[in-house]
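Here it is, the structure in full.
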Amino acid sequence: MRYAPGVPMALNPEQQQAVEHGPGPMLVLAGAGSGKTTVITQRIARLIERGTPPRAILAMTFTNKAANEMLERIVRLAGHRAAEATIGTFHAFGLKFLRIESKALGIPDGRFAIFDQADQAGVVREILRTVRGAADRRYDVWAILARISKARNEFVVPDAYEPRLGDEYGEVTKIVYPRYMKALRAFRAFDFDDLVCETVTLLESRDDVRERWQERYRYVLVDEYQDTNHAQLRLVRLLGGGHSNVCVVGDDDQAIYGWRGADVANILEFDQHFAGTRVVKLERNYRSCRAVLEVANGVIQASEGKRHDKRLVATRPDGQKVQMVVGENGEAEAQFIGNESRRLLDEGLKPRDIAVLFRSATQAEAIETAFKGQQIPYRLVGGTQFYEKKEVKDLIAYLRAALNPRDDISLRRIINYPARGIGDVAVERLAQHALANSKPLSWAVERAPTIPGLSPHAANGCKALHAVIEIASRRFAASESPCSIAKGIVSGVRLETDIAAGSGSNAVAARRKGNLDAFLAMLERNDDKLRGVDALGGFLQMMTLQSETDSDDPGNVATLTTIHGSKGLEFDTVFVAGLEEGLLPHARTLDAKASDVEPQDLGEERRLFYVAVTRAMNRLYLCRARTRQARGGPKGAARTPSRFLADVPPEWIESRAVTGFQPASMKSMLDGLAGVLAAIEKA
DNA sequence: CGTGGCCGGCTTTTT
DNA sequence: GCCGGCCACG
């Protein structure tokens, strides 16, 4: 017996308590599938019904998808004016806040860029080039960025940063961190961490600002609270500090973002941060049949770390036993998932009821092949985001450069793309010249002909680049159609010609051009809304925080996603792929590299498995391969089953082995037959 | 000095 | 199978 999302159902007593709770702090410990979203949305609706103005409500989530869904459901429950509530991710809230308060930050017009990871990496790379002795050592910029991010979220300022003893990357970080912060400010850019940390800093340092925002938001709600980090905790405390009407919802068993600085202690010790907290536990599971639930309970009860004591209670029938499937190799595993899905679809299951979950995005490819083979429509969540695709980022870099003359990183990205004769030496010279005059790179590009030592060839290139950007910039200022301006850039620099030439195959070129067109189409759809520098700038800021899959309705298709990406979702049928040591738990967790920030947490891997299992409503398949070709390794390397499978209660399990069968290839057919024979012999 | 071709290492997870 | 870095050529 399941409730349809958004349709009021009879609440159980605990849910009722959480929904009806009045002022004062509350912690809702909501087990997987216990109706958490229902509670949070109904609670907001109830607050509005009782007279709280929607604009006095702030609800923060971790993903845009969760935010969108929450908004949709609240509007359905409480009517259209509910849309005035502030509902979004922590980062989206930070962006909104910083735009409004930008005057206090010294950016009166609110024009700043948001740097994603690729941009951040660019900044660090650039800094490393100038650090003596670092240029030749090929440092992993991600490792440095991870350390900077960790320090910042704990509010360790550059001067106070002290690396752990023997942490070589920490030593480099000590040098890079202060320069990184200076560079961001010089570029008028904020990174993801800034959106939260700068918000906190401003709220802490300015009493008037803090009071204003505290006054505005009389109720603060946080979803997935177990995944908050220190900075986010500070933000919640600041905003809720005045009235303590803070309601957080979460499940410590589903804490899977420790690697990003999330601290489970936040949810374990919530009542220490907010005195007089009421705790409500939701342990009745409405999602999964009992077989799935028993497996989930077995897995999570075996965990060793500290956790809130709770156990999911089944409300649904036993259902079908959980299928434990061993493929002869990775292809066989993927083919099984494809074949079984096809069988279920033929029995009447809808594609959207199926999800395949894996630890790492690299596992998706094999599954994609199998689904294509079975003609099953699917969407791949995660992996490279739309706006991160090179061709899209290139065009965005042109737009950003035209909007923000101080955005050196965007300018560097396109300064010689497509090639226009400005090589590394010329770029260095331009950068030196700009630095010597304390001006941004664009200033040097503009006056290239006057810069000594710059070849006429390079100066010519600068002239061409400057012309394109200047035209775009003027047209933006004149509020012309952003889509036509973007198209002007594309043709002005012959981007499509370069895409055609630079892609290995026609298929790749077509795909890239398709992405570019999709971006232009997106601009066109919003053309009138995006006219003018501020509107387009705001759009680009938001877009950096969005992923492709947040907005589009996927339609009736199966879902392939990482386990991280599956959090908060549910599916009738779930395949978990790659349940092997090295994949889940991931090898990186088993033996850490020198570049890792801190020792990895096996408990988090277990919780990942738990999250994966609890996505399933009716059918769950736990899949692995007996052998698998590791990256560049030997073909038939034997694999060890994931240690977590040992905690799965056997009475709820049914096992089977499968071999690959590819009619297309004689060899694999023979291999498959051999496997079948071997299996028969064994039995 | 710039470009294009070739080689090697690789993102675990995401706002 | 892809991006960033290195080398030889124009």
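Worth knowing before you read on, the calculation uses all heavy atoms, side chains too, and leaves out hydrogens, waters and symmetry mates. Keep in mind the model is a prediction, meaning the values are calculated, not measured. Below, chain A is the first sequence line, B the second, and so on; all start at residue 1.
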Counting just side-chain N and O atoms, does A/N64 come under 4.0 Å of either OP1 or OP2 of B/dT14?
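No, outside the criterion.
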
Could you check A/A419 against A/G565 and say which one's nearest nucleotide on DNA chain B is further toward the 5' end?
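Result: A/A419.
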
Could you identify the nucleotide paired to B/dC10, looking across every strand shown and requiring Watson-Crick or G-U wobble geometry with both distances under 3.5 Å?
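The answer is none; no pair meets the criterion.
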
In whole Å, measure the gap between the C1' atoms of B/dT11 and B/dT15 for me.
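Looking at atom C1' only, B/dT11 and B/dT15 are 16 Å apart.
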
Nearest-Å distance for atom pair CG/P, residues A/N460 and B/dC1
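In whole Å, B/dC1 P lies 17 Å from A/N460 CG.
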
Side chain of A/H564 (C-beta onward), nearest among B/dT14, C/dG5, B/dG2:
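My answer, after comparing the listed nucleotides, is B/dT14.
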
Which of these, A/R125, A/R400, A/R413, sits in a salt bridge (charged side-chain N to carboxylate O under 4.0 Å, His left out) with A/D119?
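Considering A/R125, A/R400, A/R413, a salt bridge (charged side-chain N to carboxylate O under 4.0 Å, His left out) with A/D119 is found only for A/R400.
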
Would you indicate what A/R420 reaches in the nucleic acid, counting non-hydrogen atoms under 4.0 angstrom: base, sugar-phosphate, or nothing?
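Sugar-phosphate contact only.
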
Do you see a donor-acceptor pair shorter than 3.5 Å between the side chains of A/Y180 and A/Q120?
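Looking only at side-chain atoms, A/Q120 and A/Y180 do form a donor-acceptor pair, the distance falling under 3.5 Å.
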
Quick one: do A/F90 and A/F62 satisfy ring pair (Phe, Tyr, Trp, His ring centres under 6.0 Å)? Show the steps, please.
CA-CA 7 Å; A/F90 275 92; A/F62 273 81; 5.4 Å; yes

Would you tell me if any nitrogen or oxygen in the side chain of A/T562 comes within less than 4.0 Å of OP1 or OP2 on B/dT14?
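Looking at the OP1 and OP2 atoms of B/dT14, one of them is under 4.0 Å from a side-chain N or O of A/T562.
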
Provide, to the nearest angstrom, the distance between the CG atom belonging to A/N229 and the C1' atom belonging to B/dT14.
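Going from CG in A/N229 over to C1' in B/dT14 covers 12 Å.
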
Spacing between A/F90 atom CZ and B/dT14 atom C1', to the nearest angstrom:
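A/F90 atom CZ is separated from B/dT14 atom C1' by 15 Å.
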
Report the distance from atom NE2 of A/H230 to atom P of B/dT15, rounded to the nearest whole Å.
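That distance rounds to 23 Å.
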
Any base atoms under 4.0 Å from A/A92, or only sugar-phosphate, or nothing? Heavy atoms, all strands.
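No contact.
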
Against A/E333, only a single residue in A/R624, A/Q363, A/R628 fulfils side-chain hydrogen bond (donor to acceptor under 3.5 Å, both in side chains); can you say which?
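Going through the options one by one, the only one that passes is A/R628.
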
Among B/dC1, B/dT14, B/dT3, the nucleotide that comes nearest once only the side chain of A/N416 is considered
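Of B/dC1, B/dT14, B/dT3, B/dT3 is nearest to the side chain of A/N416.
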
Could you work out which one of B/dG2, C/dG5, B/dT15 sits closest to the side chain of A/V425?
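Of B/dG2, C/dG5, B/dT15, B/dG2 is nearest to the side chain of A/V425.
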
Atom pair NZ/CD of A/K513 and A/E496 - distance to nearest 0.5 Å
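A/K513 NZ to A/E496 CD: 4.5 Å, rounded to 0.5 Å.
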
Nucleotide nearest A/W259 when distance is taken to its side chain, options B/dC1, B/dT15, B/dT14:
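Output: B/dT14.
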
So what's C/dG1 paired with, Watson-Crick or G-U wobble, going by both distances under 3.5 Å?
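By the stated definition (distances under 3.5 Å), nothing pairs with C/dG1.
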
Minimum-distance nucleotide to A/R512 side chain [options: C/dC3, B/dT14, B/dT3]:
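When the side chain of A/R512 is considered, C/dC3 is the closest of C/dC3, B/dT14, B/dT3.
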
Which residue lies more 5' along DNA chain B, comparing A/H91 with A/S360 via nearest heavy atoms:
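Residue closer to the 5' terminus by nearest nucleotide: A/S360.
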
From the set B/dT14, B/dT13, B/dC1, return the single nucleotide nearest to any side-chain atom of A/Y257.
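Within the option list, the nearest is B/dT14.
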
